[in-house]
Structures are given as C-alpha cells and as structure tokens.
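Below: the structure, in structure tokens.
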Amino acid sequence: MIARFLFSLLIASACLTVSAQQLTPEQQAEVQKMSGRFMAIQTLLQDAKAADEFGIDSKKRQKIQIAIQKFTDDMQKTMRNGGGGFDMDSYKKSYKQFMSKVDGELTSKQRAELTKRGEEQLKKFPGMGQNQDQMKEMQRLQSMMSELQKLSYDQALAESIDLTIEQRVEIREASQKFMRAMQEIRKPGQAFDMERYNQLIGDLVLEAQAILTLEQAEKMARNAKINQLKMMGGDVFSVVSGLAAEFELSDSETKDLKQTIVEARQDYYEKLTILREETLEKILRELPVNRREEVREALSDQLKPTSAELRGLPKPEKAND
C-alpha cells in the first residue's frame with residue numbers, strides 16, 4: 001500500500017516538474033491545485049479508520065481507489081511524450097473525470113474539506129511551483145530509493161552491480177527501517193509530511209552509500225536515473241532525450257533531436273507491429289487449419305502496441321512557416 005502511494009506521489013511530482021518548465025505561471029498554479037487535491041484524497045484513503053471518520057465507507061473507498069488508479073495511469077500517459085511537451089488539455093480532462101467520480105461519492109461539506117486539505121498538502125510539498133531544482137532532487141532521491149529497495153530482492157539486479165549477499169542483507173535492513181519510519185509519519189487523515197518524507201529518503205540513500213562501494217553506488221545511481229526517465233517517457237527512446245538534457249545542446253539541436261525521436265519511435269513501433277503479425281502467422285501455420293482463427297483472435301490484442309509504446313506519443317512538430 002505504501003509503495004503504491006509513494007509511486008503516485010512520484011508521478012504527481014513529475015507532472016508538476018515538467019508542467020512548471022513548460023506552462024505559464026497561471027497554468028502552473030492550476031496544475032498545482034489539481035495535484036494537491038489528488039494527493040489529499042490519496043493520503044486520506046491510506047488509512048481505513050481515517051477514511052471512515054471522514055465519512056467514506058469501504059464501498060465508497062473502493063470506488064475512489066479505482067478512480068485514483070485510473071487517474072495515476074492517465075498521468076503516466078500524459079508524461080509519456082518523448083520530450084514533446086506537457087499536454088495540459090489531457091491532464092485537465094483526466095483530472096475532471098477523476099474528480100467527477102470522487103465528488104460523486106462525497107457530500108458538499110466533504111468536498112470543501114478535501115479542497116482545504118489539498119491546499120494544506122501543497123504547503124507540505126517542498127518547492128511546489130517555486131524551486132524546480134529541489135523537486136528534481138526529490139525525484140532523483142525517490143528513484144534511488146526504489147532502486148535500493150529492489151536490490152534486496154532482485155538477484156539479477158544485485159549481481160549486475162556485483163553486490164554481495166552481506167550487502168544485500170544490509171540494504172534490506174536499511175530499507176525496512178525506512179518503511180517503519182514511513183508508517184510513523186502517515187498521520188491518519190492529515191496532509192502527508194513531505195518534508196519528513198524527503199529527509200527519510202535522504203537518510204536511506206546516505207546509509208546505502210555507506211554500504212556500497214563507490215563503483216556500485218555510481219552504477220545504482222545510473223540505473224535509477226534511467227528508470228526515472230523511462231517512467232516519465234514510457235520507453236528507452238525517451239531516455240535518450242532525458243540524458244541529452246545534460247549535453248548542453250543548442251535550442252535548434254534539442255528541437256531536431258526531439259523531432260527525430262518522435263519519427264524514429266513511430267517508425268519502430270509500426271515495424272514492430274508488422275513483425276509481430278508476421279511471426280504469429282508463421283507459428284499458426286503449424287496448427288490445424290480449423291484452429292488457427294481461434295488462436296489468432298485470442299492473441300489479437302497482444303499484437304497491438306502497448307500503452308507504454310504508443311499512448312501519449314507526440315505528433316511530429318509542424319515546420320515553421
């Protein structure tokens with residue numbers, strides 16, 4: 001449950017960071033307000049007792065949780081733009097649909113209280129709309145935290161950075177200490193203490209760095225950064241755009257790179273879809289003729305590009321007149 005909540009916070013902060021870079025101050029304020037209310041209801045529902053006291057029973061709680069999951073998915077799709085820009089219209093549309101479902105389960109008094117909690121939630125979120133470097137640092141730490149937690153149970157990942165069994169145990173113990181501390185700061189019905197949360201992540205990262213060798217820490221940080229870029233962009237192609245942000249490219253070079261990524265991604269997935277279909281047909285030839293259509297129909301959805309591949313792909317930029 002905590003992991004899902006933290007993931008939602010990471011998505012929300014990522015949307016805020018990208019939007020703050022590309023929207024007007026008025027639009028930034030609008031995104032902040034929407035994200036604050038989203039995080040407020042998300043925080044409230046983390047504790048069943050707090051939700052009950054607020055007046056949300058188990059049945060309503062389940063409906064709202066479904067709406068939260070849908071909105072989180074939509075935010076990811078909005079972020080998966082391959083460097084093409086934050087889609088404010090899509091974000092607002094998803095938020096409107098989300099809050100329509102949430103408000104349908106609440107009274108007018110509860111809605112007003114939720115708005116108030118959303119404002120309080122924003123105050124707990126450091127750098128919200130003011131310090132983008134701080135928000136980027138928070139995202140970096142969150143990605144490293146996720147990577148650290150995976151090291152304790154993902155043997156292949158641990159072996160990729162030459163982690164010993166003893167180190168894995170120490171990492172697991174540090175991660176468990178972090179999770180226990182997270183339980184303590186989850187105050188039922190209260191705004192999430194983001195400042196304390198960031199401090200706990202920082203403590204976890206520092207403790208892990210003392211466990212890892214310098215080379216291991218560098219590999220982990222690199223993996224964390226790549227995973228963060230993939231999460232925001234949707235696939236490996238978006239990683240190129242993210243990494244290139246540090247290469248001091250000119251505006252013209254950056255624009256050309258983004259355009260090339262858009263076109264190359266589209267071409268790749270179109271060819272991949274054709275390859276999938278051709279491969280399946282080759283396999284189907286080994287089945288009885290009267291059963292081929294049955295299998296073909298059963299796998300038809302599997303041949304389509306996944307949401308991570310195509311949803312949210314930006315349209316090529318129009319050439320300047």
Side-chain angles (χ1 to χ4, degrees), residues 7 10-25 27-28 31 35 72-94 127 129 131-144 146-147 160 218-276 304-321:
F7 179 72
L10 178 57
I11 292 293
S13 65
C15 284
L16 286 162
T17 298
V18 174
S19 66
Q21 295 171 344
Q22 302 174 1
L23 303 180
T24 66
Q27 290 174 320
Q28 291 174 33
V31 172
S35 297
T72 301
D73 291 345
D74 287 344
M75 282 197 291
Q76 284 183 271
K77 296 169 189 175
T78 299
M79 295 300 297
R80 285 171 177 161
N81 51 58
F86 182 83
D87 191 339
M88 181 66 170
D89 291 337
S90 295
Y91 187 84
K92 290 173 66 174
K93 180 180 179 181
S94 297
N131 189 335
Q132 297 309 313
D133 289 336
Q134 191 176 25
M135 290 184 68
K136 288 181 179 179
E137 176 64 10
M138 180 191 67
Q139 290 180 42
R140 185 186 71 83
L141 290 175
Q142 286 174 323
S143 295
M144 291 186 69
S146 176
E147 201 71 12
S160 72
E218 289 177 346
K219 288 181 179 180
M220 186 201 69
R222 181 193 60 195
N223 291 340
K225 181 174 183 178
I226 290 176
N227 288 334
Q228 179 187 0
L229 291 171
K230 285 180 65 176
M231 183 203 73
M232 294 176 65
D235 60 19
V236 295
F237 301 107
S238 60
V239 173
V240 178
S241 181
L243 293 175
E246 301 179 358
F247 298 163
E248 298 182 355
L249 301 179
S250 66
D251 291 343
S252 176
E253 290 172 328
T254 299
K255 182 178 179 180
D256 289 344
L257 174 63
K258 290 180 178 179
Q259 182 69 11
T260 298
I261 290 176
V262 169
E263 295 171 352
R265 288 176 84 197
Q266 191 69 49
D267 181 57
Y268 171 80
Y269 287 121
E270 287 176 355
K271 291 179 178 177
L272 182 60
T273 298
I274 294 173
L275 179 60
R276 285 170 173 163
K304 298 176 182 178
T306 66
S307 59
E309 292 172 349
L310 288 185
R311 290 181 187 175
L313 275 178
K315 296 178 180 179
E317 297 180 10
K318 295 180 180 180
N320 293 328
D321 295 330

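Along the sequence shown, residues are numbered consecutively beginning with 1. Since we're looking at a predicted model, the values are computed, not measured.
Take A221 and apply the side chain to side chain contact (heavy atoms under 4.5 Å, CB included) test, not counting sequence neighbours, and it matches M144. Looking at residues two or more places apart in sequence or on another chain, you find a side chain to side chain donor-acceptor pair (under 3.5 Å) between E253 and S250. Among residues two or more places apart in sequence or in another chain, the side chain to side chain contact (heavy atoms under 4.5 Å, CB included) test is passed with A264 by none. For the salt bridge (charged side-chain N to carboxylate O under 4.0 Å, His left out) test, residues two or more places apart in sequence or in another chain that qualify with D267 are K271. Partners of T260 by side chain to side chain contact (heavy atoms under 4.5 Å, CB included), not counting sequence neighbours: none found.
For the atom pair CG of L275 and OH of Y269, the computed distance is 14.0 Å after rounding to the nearest 0.5 Å. Separation of atoms CE (M220) and CD (E218) is listed at 10.5 Å; rounding is to 0.5 Å. The structure places CD of E147 at 10.0 Å from CZ of R222, a figure rounded to the nearest 0.5 Å. Here the CD-CZ distance, from Q266 to F237, works out to 11.0 Å after rounding to the nearest 0.5 Å.
Closest approach of I226 to V239, counting heavy atoms only: O-CG2, 3.9 Å.
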